[in-house]
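Just below is one structure, and these are the notes that go with it.
Because the structure is a prediction, the values reported are computed rather than measured.
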Amino acid sequence: MAVTEKCDVFSFGVLALEILTGKHPGDLVSYMQSCSEQKVNMKEILDPRLMPPSKNNILKQVDLIVNMALSCLKTNPQSRPTMRSIAQLLEMETAEI
């Protein structure tokens, strides 16, 4: 497999989900690929050892990161966002804090 920007974004997605769920996201990715719903309820997948976000804006940001990470794990590399678009989205979200 050739190393491309789309590989980097895949790695970002895996790492982000590992941090938030506390485990490798393999089962979650398989489930999302077989499911027609492309959004996931992040409360269901967060690592239970983490304290759930109590503020609505933090909850919204964690939800955004989970769904952004899932978009990075799409089977077809051409369907994945670029790291530039991920970085821009994160920059916009953190500017609102």
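- D8 CG to I86 CD1: the interatomic distance, rounded to the nearest 0.5 Å, is 12.0 Å.
- One hydrophobic cluster, built from ILVMFWY side chains closer than 4.5 Å, cannot hold both F12 and I19; they sit in different ones.
- The side-chain heavy atoms of I65 and L90, taken from C-beta on, include a pair separated by under 4.5 Å.
- Linking ILVMFWY side-chain heavy atoms closer than 4.5 Å, directly or via other members, places L64 and L20 in a single hydrophobic cluster.
- In the hydrophobic clustering of this structure, L73 does not group with L15; members are Ile, Leu, Val, Met, Phe, Trp, Tyr whose side-chain heavy atoms approach within less than 4.5 Å, directly or through other members.
- Note that OG of S85 and CE of M68 are 8.5 Å apart. Values are rounded to the nearest 0.5 Å.
- Here the side chain of N67 pairs a donor or acceptor atom with the backbone of D63 at under 3.5 angstrom.
- If you take OG1 on T21 and CZ on R49, they are separated by 9.0 Å, rounding to the nearest 0.5 Å.
- Looking only at side-chain heavy atoms (C-beta outward), V9 and T82 stay at 4.5 Å or farther from each other.
- Here M51 sits alone; no ILVMFWY side chain lies under 4.5 Å from its own, so it joins no hydrophobic cluster.
- Nearest heavy atom pair, residue R80 against residue C72, reads CD-O, 3.1 Å.
- One hydrophobic cluster, built from ILVMFWY side chains closer than 4.5 Å, holds both L89 and L17.
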